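Quick caveat, the model's predicted, so the values are computed rather than measured.
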Amino acid sequence: MKKWNKAAAALLAGTMALSLAACGGGGTAETKAEGGSGDGGASAGGQTLKILLSEEPGEGDALTMMFNKWAEETGNKLDIQIIAYDDQLTKFPAMAKNKDLPDIISTTRLHQLYPEEFVDLRDSFDMNAFEASALKIVGKDYVSDKITGLPQQFTATCVFYNKDAFEAAGLEAPTADKPWTWDELYANAAVLMEKGGVKYGFAADVSRARYDILMYANGGSLTLADGDSFKVNVNCDANVKTLEAFAAANQSVMPQAIWSGATADNPADYFKNGDVGIYLSGSWNYASFVSDISAFKFGLMPSPKGSAGQSCIIGGSALAVPANAANSALGIEFLKWMYTDENFKTYIQADKGLSSLTSVIYEPDTDDGKADYAVIQGEVAFVTDTFMVDESSAWRNYKDNEYRDYLKRAVSGEMTAKEALDAFANELAESSSWAIAQ
């Protein structure tokens, strides 16, 4: 299986590997707009920044910490609104129409779905200060070169495991040199349930992006490039087999109710309380796990191999400024403050994630942290060409949550894997006017 832009992946991994060394001098992400400065162009204070988040921030949340730090330093105030991710997709268009927009949004998609509603940040920032892959996947408009969001969290999918449960079950964790296959993961998940003292051997976020790790590892994809256009490939034989295996695993080693839709429980909570031995999620959970897990030791393992190799999805959230917000200038001002080297270093040390600024690196302060971060770094090399083709197709502009819903219907047994993927393929083909590949 081809890997995405091997030279770029190696360069990015090498840049992030500097996080294990000392961080060089403190500069700033150069601002281009008039009034931009190394200190972020702080205002005299007395204004209110309206912020939209997708979930209530937890204790020690790195972004909230930075908002509070900025408010304290500048004398400005914060007005934080919480609208769940799925609700944002339906409510944002109405907010834009009614000119009832926040000044800044932490978002994974709104700025890409509605680029006309957001400020082009190329006018205010030097984009050479950012990791190119982070800008491309997280910050860029789907159909133009417009940068509608600055990467806040640059993330990679990864696999967490309960070290204590592994020891109790007599299992050795896989390594970069000797990764498991997905079949081995499912088999060892059963061993963990039998001998490791966990209720579930394996859990995965209810997310098409987490499930798609398996799809790409087995050589599948949602689309195929077709000249200047695309074909729908989501119902190919490889994808059907992957979904069948995942549905079977849900019946045997996973918490069935989560992916079947019978509960809205977060599998991250199952892992944190020791009920899950292996958890497929992403690097964004790492900081909270370090803070919240004390009853057992945890670590990260390299992604398992499928029939075509290993795979990873990179992504994250961006900070975006609606163009028609009442105080969009204050949103830009916060970004200029946030993306100085000094302030972004403070953020990334609290977030414990991959940095989107080339001049800033996360420095783990423990041996376990260094080992975990090395695994996260290594995952970036497993981003596949097939994932990049799917991203370039912007298929989610036509259909999005419908895909996840069909996956859940197959996992719950309401439909067979083939029925579910055929149904979604037909919907995507009709909405996009793309032909179905097979």
Ignoring hydrogens and geometry beyond distance, is a side-chain donor-acceptor pair present between [X] and [Y] at under 3.5 Å?
X      : Y      : result
Ser291 : Glu59  : no
Gln88  : Ser54  : no
Tyr403 : Asp212 : yes
Thr340 : Asn343 : yes
Asp390 : Ser221 : no

Distance (rounded to the nearest 0.5 Å) between [X] [atom1] and [Y] [atom2]:
X      : Y      : atom1 : atom2 : result
Gln153 : Ser283 : CD    : OG    : 7.0 Å
His111 : Ile147 : NE2   : CD1   : 8.5 Å
Tyr270 : Met254 : OH    : CE    : 11.5 Å
Leu135 : Lys140 : CG    : NZ    : 10.5 Å
Leu357 : Asp341 : CG    : CG    : 6.5 Å
Ile313 : Met215 : CD1   : CE    : 7.0 Å

Candidate list Val240, Thr223, Leu421, Ile436, test side-chain contact (heavy atoms from CB on, under 4.5 Å), partner Val234, passing option: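 That would be Leu421; it is the only one of Val240, Thr223, Leu421, Ile436 passing the side-chain contact (heavy atoms from CB on, under 4.5 Å) with Val234.
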Heavy-atom distance under 4.5 Å between the side chains of [X] and [Y], does that happen here?
X      : Y      : result
Asn273 : Lys199 : no
Asn218 : Lys241 : no
Val232 : Trp395 : no
Leu110 : Leu89  : yes
Asn235 : Asn426 : no
Phe125 : Lys336 : yes
Pro304 : Val159 : yes
Tyr186 : Ser252 : no

[X] side chain to [Y] backbone, donor-acceptor under 3.5 Å:
X      : Y      : value
Thr108 : Gly316 : no
Gln112 : Ile137 : yes
Ser412 : Arg409 : yes
Ser355 : Val360 : yes
Glu402 : Phe424 : no
Thr242 : Ala238 : yes
Ser303 : Cys312 : no
Asp103 : Lys50  : yes
Tyr373 : Tyr362 : no
Asp351 : Tyr347 : no

Minimum-distance pair of heavy atoms, taken over all atoms of [X] and [Y]:
X      : Y      : answer
Ile314 : Ser133 : CD1-CB, 4.4 Å
Thr107 : Ala320 : CG2-CB, 4.3 Å
Trp259 : Ser207 : CZ2-N, 3.6 Å
Ser311 : Thr384 : CB-CG2, 4.0 Å
Val198 : Leu192 : CG2-O, 3.4 Å
Lys231 : Asp226 : CE-OD2, 3.5 Å

Residues Leu354, Val380; criterion side-chain contact (heavy atoms from CB on, under 4.5 Å); working and verdict: CA-CA 10 Å; Leu354 305 177; Val380 176; 4.2 Å; yes
Plane angle bin for Trp434 and Tyr398 - parallel if under 30°, tilted between 30 and 60°, otherwise perpendicular: perpendicular
Parallel, tilted or perpendicular: rings of Tyr286 and Phe160 (30°, 60°): parallel
Is the distance between the ring centroids of [Y] and [X] under 6.0 Å?
X      : Y      : value
Phe118 : Phe92  : yes
Phe202 : Trp180 : no
Tyr216 : Phe382 : no

[X] atom [atom1], neighbour heavy-atom count above 12 within 6.0 Å:
X      : atom1 : result
Lys146 : NZ    : yes
Gln251 : CD    : yes
Gln81  : CD    : yes

Worked check of side-chain contact (heavy atoms from CB on, under 4.5 Å) between Ile213 and Trp182: CA-CA 11 Å; Ile213 297 301; Trp182 276 104; 4.2 Å; yes
Pair Glu244-Lys418, salt bridge (charged side-chain N to carboxylate O under 4.0 Å, His left out): steps then yes or no: CA-CA 9 Å; Glu244 287 173 343; Lys418 181 168 176 49; over 6 Å; no
salt_bridge(Glu391, Arg396) N-O dist < 4.0 Å: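 Here Glu391 pairs with Arg396 in a salt bridge, since their nearest N and O are under 4.0 Å apart.
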Ion pair check, Glu184 and Lys305, cut-off under 4.0 Å: no
Passing option when Asp86 is tested against Arg404, Lys91, Arg109 for salt bridge (charged side-chain N to carboxylate O under 4.0 Å, His left out): Arg404
Worked verdict on Met301 versus Phe166 for side-chain contact (heavy atoms from CB on, under 4.5 Å): CA-CA 12 Å; Met301 66 170 68; Phe166 269 54; 3.7 Å; yes
Derivation and outcome, side-chain contact (heavy atoms from CB on, under 4.5 Å), residues Asp205 and Ser281: CA-CA 6 Å; Asp205 294 338; Ser281 185; 2.8 Å; yes
From CA spacing to verdict: ring-ring contact (aromatic ring centres under 6.0 Å, His included), Trp337, Phe334: CA-CA 5 Å; Trp337 176 91; Phe334 171 79; 5.8 Å; yes
Trace of the ring-ring contact (aromatic ring centres under 6.0 Å, His included) decision for Tyr279 with Phe298: CA-CA 11 Å; Tyr279 175 42; Phe298 77 91; over 10 Å; no
